[in-house]
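Here's the structure we're looking at; comments come further down.
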Amino acid sequence: MQTVLLKCSDEALNRAAELVRAGQVVGFPTETVYGLGANALDSDAVLKIFAAKGRPADNPLIVHITDISQIKPLISVEMSRMARRLAEKFWPGPLTMIFPRSPLIPDGVTAGLDTVGIRMPSHPDARRFIEACGCPIAAPSANRSGKPSPTSAKRVMEDMDGRIPMILDGGECQVGLESTVLDMTGDVPRILRPGGVTEEDVARVAGRCLVDETVRRPLREDEKPRSPGAKYRHYAPRGALTIFEGEPDNVARAICQCYDGCGRPALILALRDHVHLYGDRRVLAMGSGADEMAHLVFERLRDADDMGAEYIFSEAVADSGMGLAVMNRLGRAAAFHIEKV
Ligand code: TXA
Ligand code: MG
């Protein structure tokens with residue numbers, strides 16, 4: 001299959017929508033990361049997403065909409081007042097809410113779960129794409145399974161060339177990390193995956209917000225997570241990644257020692273203000289705080305691969321606000337190999 005890469009013109013969006021209506025899969029931009037979209041109500045089309053990604057069949061997909069009126073047929077309950085308030089505040093935007101699913105949703109989308117994740121993206125091209133398709137769009141991140149999520153069309157092409165017919169190029173993703181996945185099936189909203197809408201943001205609107213414990217630690221053997229995606233080693237670069245937590249000077253000293261001693265091609269990921277602590281060692285800046293790190297973390301993990309780094313040593317950031325999402329992704333990429341120094 002030949003994969004065409006097109007800027008998001010009206011013509012390209014119409015061609016993409018035609019493909020989706022014909023049961024195909026199209027790569028498209030969102031404000032979080034690029035997605036691989038297909039008609040969420042077409043079970044054969046949904047299977048093609050899993051094939052293109054090489055995704056395990058037990059990992060459910062998020063369904064994307066552009067208007068709150070589209071949600072009713074997709075879920076089997078009335079949205080609670082709290083859910084409606086969260087939607088008003090954070091949709092369109094980087095928030096996915098989990099509700100009991102309606103029978104309209106094919107089993108393939110929910111991977112057999114009795115719930116479904118719904119998100120309303122804010123990226124104008126994502127919205128134009130979904131509107132042109134005229135159906136809810138099931139979409140995971142547009143990476144091959146196990147690779148970091150792509151934040152530019154070029155990265156989607158690297159993973160999907162020959163596997164899908166079209167990729168829409170809408171420039172770089174603004175947030176850079178996937179949406180917050182918020183379980184709305186209990187009394188208190190629970191973050192299953194941290195993202196652009198933070199724990200503090202949700203708590204401000206809902207009064208309370210839980211953070212699932214698997215956000216901050218690896219799964220135990222045989223543990224069944226609330227979010228199936230937590231089972232898989234995501235976001236993994238080829239090099240062995242270790243995270244160092246502590247005072248900047250201690251962290252820099254420990255990282256330099258490991259870097260100098262490892263005897264293999266290595267790379268350091270550091271906050272911009274700390275780059276000078278690493279002298280002439282190979283170091284890439286990850287921005288100057290959690291928001292910028294969120295934007296850069298996947299790109300830096302891909303850079304590490306491009307640079308042939310066999311060892312990657314990364315600074316940590318405080319795990320509050322956007323820092324929770326950054327540390328969740330970095331932590332998973334490192335299989336939670338975190339050195340406290
Ligand atoms: O920002 C995003 O959410 C991007 C863009 C494209 O919208 N999409 C995305 O999808 O990150 P994906 O498939 O890569 O990640 C979806 C995550 C997975 O960890 C999955 O297990 C979880 O959401 N998930 C989906 N439906 C769920 C459900 N019903 N219950 C629990 N977890 C669910
Ligand atoms: Mg993903």
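Both backbone and side-chain heavy atoms feed into the values below; hydrogens, waters and symmetry mates do not. Order of listing sets the numbers, starting from 1, for every ligand and every atom in it. For clarity, every value in this text was computed on a predicted model and none was experimentally measured.
Taking distance alone, with nitrogen or oxygen atoms compared against 3.5 Å, K53 stays at or beyond that limit from ligand 1.
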Donor-acceptor list for residues 81-93 side chains, cut-off 3.5 Å, not counting sequence neighbours:
from : atom 1 : to   : atom 2 : distance (Å)
R85  : NH2    : V205 : O      : 2.6
W91  : NE1    : L95  : O      : 2.8

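Here the CG atom belonging to L61 is positioned 11.5 Å from the CD1 atom belonging to I137, to the nearest 0.5 angstrom. Remark: I268 CD1 to I312 CD1 distance equals 11.5 Å, nearest 0.5 Å. Remark: E18 CD to C133 SG distance equals 10.5 Å, nearest 0.5 Å. Distance CZ/R15 to CG/L168: 10.0 Å, rounded to 0.5 Å.
Checked by atom type and distance alone, the side chain of R272 never pairs as donor or acceptor with a backbone atom of G289 at under 3.5 Å. One N or O on the side chain of Q70 and one on the backbone of T66 form a donor-acceptor pair closer than 3.5 Å.
Among H123, R193, H64, the residue whose heavy atom lies closest to atom 17 (C) of ligand 1 is R193. Closest heavy-atom approach to atom 25 (C) of ligand 1 within the set G27, A111, P60: this belongs to P60.
Under 4.0 Å from ligand 1, heavy atoms of T115 appear from its side chain as well as its backbone. No part of M120 comes within 4.0 Å of ligand 1, judged by heavy-atom distances. Residue-level proximity to ligand 1 for V116 is carried by the backbone, the only part with a heavy atom below 4.0 angstrom.
Listed by atom number, the atoms of ligand 1 under 4.0 Å from P228 heavy atoms are 21 (O), 31 (C), 32 (N). Within ligand 1, the atoms closer than 4.0 Å to a non-hydrogen atom of R226 are 31 (C), numbered from 1 in the order shown. Within the listing of ligand 1, atoms 8 (N), 9 (C), 10 (O), 12 (P), 14 (O) sit less than 4.0 angstrom from a heavy atom of S141. Close approach of ligand 1 to G229 is summarised as follows: ligand atoms under 4.0 Å from at least one heavy atom of the residue are 19 (O), 21 (O). Of all the atoms in ligand 1, the ones that sit under 4.0 Å from a non-hydrogen atom of V181 are 23 (O). Applying the 4.0 Å criterion to heavy atoms of N59 picks out, from ligand 1, the atoms 18 (C), 20 (C), 21 (O). Those atoms of ligand 1 with a heavy atom of S179 less than 4.0 angstrom away are 1 (O), 2 (C), 3 (O). Below 4.0 Å from some heavy atom of L113 lie the following atoms of ligand 1, by number and element: 28 (C), 29 (N), 30 (N).
Surrounding CZ of R238 are at most 12 heavy atoms belonging to other residues, nucleotides or ligands under 6.0 Å away.
Every residue two or more places apart in sequence or in another chain that forms a side-chain contact (heavy atoms from CB on, under 4.5 Å) with S76 is listed here: P100.
One of the N, O or S atoms belonging to S141 lies under 2.8 Å away from the Mg ion (ligand 2).
Under 4.0 Å is where a charged nitrogen must lie from a carboxylate oxygen, and between E158 and R302 at least one such pair does.
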